[in-house]
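Below is one structure; the comments refer to it alone.
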Amino acid sequence: MIETGLDPAYNPSFVSMDLSRLNPEQRAAVEHRGSPLLVLAGAGSGKTRVITARIAHLLANHETQPENILAVTFTNRAAAEMKERVGRLVGEKSAKALQVSTFHSFCAGVLRKEIESLGYSKRFTIYDASDQRALLARCLSEFSTGKEAFDVGFFSYRISRAKNRGLAPDTYEPFRYDKYDELLPALWSKYQQALRARDAVDFDDLLGLVNRLLTENPEALARLRERHHHLLIDEYQDTNALQFEIARKLALEHRNLCVVGDDDQSIYGWRGAETANILEFERAFPDARAITLDRNYRSTETILRAANAVIARNSERRAKNLWSKEGAGWKIDLVTATDENDEASCVAARIKEVRARFNLAWSDFGVLYRSNIQSRPFEILFRQLRIPYVVIGGMEFFDRKEVKDIASYLRVLANPRDDIALRRILNVPRRGIGDTALERLNEAAAARGKPLMEALRGASRLNLPDSARAGIEEFLRLLAGTQAALREKGLGAGILHLIHHSGYLEELEKTSPSQAAYEARKEITLEMAGAAEGYAREHPKANLLEFLQEASLADDFRRNLKEKKFEEDTVRLMTLHAAKGLEFPVVFIVGLEEGLLPHARAIAPATDVAEERRLFYVGMTRARKHLTLTTTATRTVRGRTKASVESRFLEELPSECLRYQMSNQRVLEEEDTFPAPNFVTSVSP
DNA sequence: ATACGTGCTGTTTTT
DNA sequence: CAGCACGTAT
């Protein structure tokens, strides 16, 4: 039994939640009621613990039902983990009824039910970044801008940024007028029409449309407020303006809003994240309570001291100094390697040495880098040395060509108007429908204002080469056959039907440079069917649309594929971004060089490197016991070998926290008198 | 329509 | 070192 908070409405006799293991600040965060709450939670301060305890506390007090709690996390992995942790506190049954998801999948779910009031069909398709670009490129080509070269990516970036600020084509105000901005409003509205014609929404629309729904449809707003009576947002520093607006509208009435974040760990500014959301929370909600958690239960004092020194260089932050009682521990090793291969072998040697000496698991080691490309030397070497590893993120399953192809088939089946997907697979595998035939079909469709699929069905009336005619017929037969197989035998079997009746594997074999490459691609292709099967088993009622939605938002789907690997005892390789929220006893941050960290793109004259510094800070604070930072003397990038320049961040580290080493030195030396950190214990209160 | 060779250019993070 | 656009040969 615990002592209660100050809320007079609070009745201690209901309490069965044990809060005695929380520190006073954590406990205050769990018990606060009646007004919005901002929890400024430093790295390793027990942030997830607070959120899960708060949820459990709400449930244990019978203050609400699980289905009325909406917890928003930044990644789906975090969502799954949160559900599991709440489950341990309140039982799996309650936990299952909670809604825990990312903003994007939450919005997708809302739109599936409510989008018709916004003039879209319920069967809408979600376009990912590459679909978006493809469609944008098509729109751009209609502007016949002559010889002027435009970068589609640049438009896509600007449109996305504008959308995330809640703007529309007619409210867009160019920041600085250039040739892009001149065209942007017109292109944007054309793009928006094109999406509409295809029954498609892009990632940003998911948020934008929900925000519109909440503004324009009072009944929907009331329903959602009723349903989501308690709102918790994790990683609040990474929310953008639109997400803030959605949360604000949902919470305005019941005011049960709890946000948890750390401005020092804001690393998604490039994606529209507004640190202002966290810095000015109290301005948006004047009755808000703010609680700071600055006791760290994760890292040694040495690591924290260094991390604090680095982050202190940033202005524009809510001052906070992490402290811990974990002991000084080892110094941070700063290793200079000759090149990126030497860097990899040095890390490998250290992993082996420390693992053997302290009897650790492979999964106790994390190797963090700034950009995905840096994983390669590590992968090659680890494979040679038989160090089990897994690359988290990187080339995601869903970015693979094979997977996109199969998914495009499914998308066409689910939404025949989706001609971005249709164009992608109409001639994959090759079936004689070349560019000229495609253009002719396209013209026919455009002339009558119909989707491309209509033109295919009426292809016999068009002037087309025989090969194309036959190909189209074959293609339509394949779709019909797959449709039937999906309906009669289920998702997995339907996809297998598609793979085996399309000649897809044969085409893969032909186009693969080697037998090994073919085998790998084949495996990916078949995995798609396996994953779908797994999904269908877990969600028996789900239809194709829902499956695709999960897949494009990378929800359960990717976990079915990857979770196994993640649970295995492997060294984890990942970007600094992907490492947020994780911790490892032993961490390596590699490539501490100018151009890499801070990244070249972030060094531009006018921009400051604050976000790169935060990224470094996030990386450092992942380490519990030991941290190694590496640089190289030379590095080969895009085939060019160049002398490396040490990262400016290294100078920001207090020298007394560091031990300088060369790549052939060991972690433990003969004369080493540092007391080894205790790798075994460390249970937070 | 497709297969294949050449030359060019781009440097990051992800829901 | 890619991956891509473009051009040429079949």
Side-chain angles (χ1 to χ4, degrees), chain A residues 72-79 101-108 126-130 132 137 149 151 153 156-157 160 163-164 201-207 235 238-240 242-243 266-273 340 368-377 392-396 398-399 401 427-439 464-468 470-471 507 510-511 513 549-555 558 574-580 591 593-604 607 609 611-612 614-616 618-619 635-642:
Chain A
V72 182
T73 59
F74 194 68
T75 64
N76 295 293
R77 185 170 300 287
S101 60
T102 63
F103 262 109
H104 292 267
S105 32
F106 166 69
C107 289
I126 300 169
Y127 272 16
D128 72 6
S130 71
Q132 182 198 33
D151 178 4
S156 144
Y157 173 75
S160 175
K163 280 187 177 180
N164 280 315
V201 303
D202 66 22
F203 273 14
D204 306 314
D205 288 339
L206 291 173
L207 306 175
E235 307 287 8
D238 291 323
T239 53
N240 65 35
L242 217 38
Q243 292 167 329
S266 165
I267 55 178
Y268 285 96
W270 53 274
R271 223 178 67 185
E340 67 274 10
L368 314 182
Y369 37 79
R370 176 62 173 84
S371 63
N372 284 305
I373 189 83
Q374 289 172 263
S375 71
R376 276 184 82 160
I392 312 285
M395 175 72 147
E396 286 291 356
F398 223 78
D399 299 330
K401 179 185 172 302
N427 202 31
V428 175
R430 301 257 140 89
R431 43 175 84 89
I433 311 168
D435 292 343
T436 42
L438 179 58
E439 266 330 293
L464 294 171
D466 288 345
S467 65
E507 171 95 354
K510 254 195 298 188
T511 55
Q549 173 171 317
E550 296 282 309
S552 64
L553 295 173
D555 215 326
R558 198 179 292 169
M574 69 192 88
T575 63
L576 289 161
H577 284 90
K580 192 173 66 164
E593 292 145 40
E594 286 290 298
L596 228 40
L597 185 64
H599 194 273
R601 279 287 291 258
I603 302 183
T607 56
V609 292
E611 183 148 313
E612 297 290 305
R614 289 194 291 266
L615 208 41
F616 182 40
V618 166
R635 184 176 293 270
T636 305
V637 187
R638 291 205 319 276
R640 300 225 162 271
T641 304
K642 282 201 288 224

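Lettering of chains follows the sequences in order, A, B, ..., and the numbering in each one begins at 1.
With hydrogens and angles disregarded, a donor-acceptor distance shorter than 3.5 Å links the side chain of A:Arg614 to the backbone of A:Ser266. Put simply, the side chain of A:Asn427 gets close to the backbone of A:Ile433: a donor and an acceptor are under 3.5 Å apart. Under a 3.5 Å cut-off, the side chain of A:Glu340 and the backbone N or O of A:Gln374 do not form any donor-acceptor pair.
Between A:Thr636 and C:dC1, a side-chain N or O to OP1/OP2 separation shorter than 4.0 Å is absent. Neither OP1 nor OP2 of B:dT12 sits under 4.0 Å from any side-chain N or O of A:Asn372. A close approach under 4.0 Å does not occur between any side-chain nitrogen or oxygen of A:Asn164 and OP1 or OP2 of B:dT15.
Within 4.0 Å (heavy atoms only), A:Phe103 reaches no atom of the nucleic acid at all.
Atom CD in A:Gln374 sits roughly 9 Å away from atom P in B:dT13 (whole-Å rounding). Taking atom CG of residue A:Asp202 and atom P of nucleotide B:dT15, one finds them 16 Å apart after rounding to whole Å.
Taking every side-chain heavy atom of A:His599 into account, B:dT11 is the closest of B:dT14, B:dT11, B:dT15. If you check B:dT14, B:dT13, B:dT11 against the side chain of A:Val637, the one that comes closest is B:dT11. Closest approach to the A:Arg370 side chain among B:dT12, B:dT15, B:dT14 is made by B:dT12 (side chain taken as heavy atoms from C-beta onward).
Residues forming a side-chain hydrogen bond (donor to acceptor under 3.5 Å, both in side chains) with A:Thr102 (at least two apart in sequence, or on another chain): A:Ser105. Scored by the ring pair (Phe, Tyr, Trp, His ring centres under 6.0 Å) test, A:Tyr268 finds A:Phe74, A:Trp270, A:His577 as partners (sequence neighbours excluded). Checked against side-chain hydrogen bond (donor to acceptor under 3.5 Å, both in side chains), A:Thr75 has no partners two or more places apart in sequence or in another chain. With sequence neighbours excluded, the residues that form a side-chain hydrogen bond (donor to acceptor under 3.5 Å, both in side chains) with A:Tyr127 are A:Asp418.
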With the criterion being N/O to N/O and under 3.5 Å, what pairs connect the protein with nucleotides 1-7 of chain B, and how long is each?
from  : atom 1 : to       : atom 2 : distance (Å)
B:dA1 : OP1    : A:Gly434 : N      : 3.3
B:dA1 : OP1    : A:Thr436 : OG1    : 3.2
B:dA1 : OP2    : A:Thr436 : OG1    : 2.8
B:dT2 : OP1    : A:Gly432 : N      : 3.1
B:dT2 : OP2    : A:Asn427 : ND2    : 3.2
B:dA3 : OP2    : A:Arg430 : NH1    : 2.6

Per-nucleotide protein contact string for nucleotides 2-10 of chain C, where B marks a base within reach and S marks sugar-phosphate only (heavy atoms under 4.0 Å, - for neither): S--------
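Taking CD of A:Glu612 as the start and CG of A:Leu597 as the end, the distance is 6.0 Å to the nearest 0.5 Å.
Ring-to-base geometry does not place A:Tyr268 in a stacked arrangement with B:dT13 (centre distance under 5.5 Å, plane angle under 30° required).
Using a 4.5 Å heavy-atom cutoff, the side chains of A:His104 and A:Gln243 are in contact.
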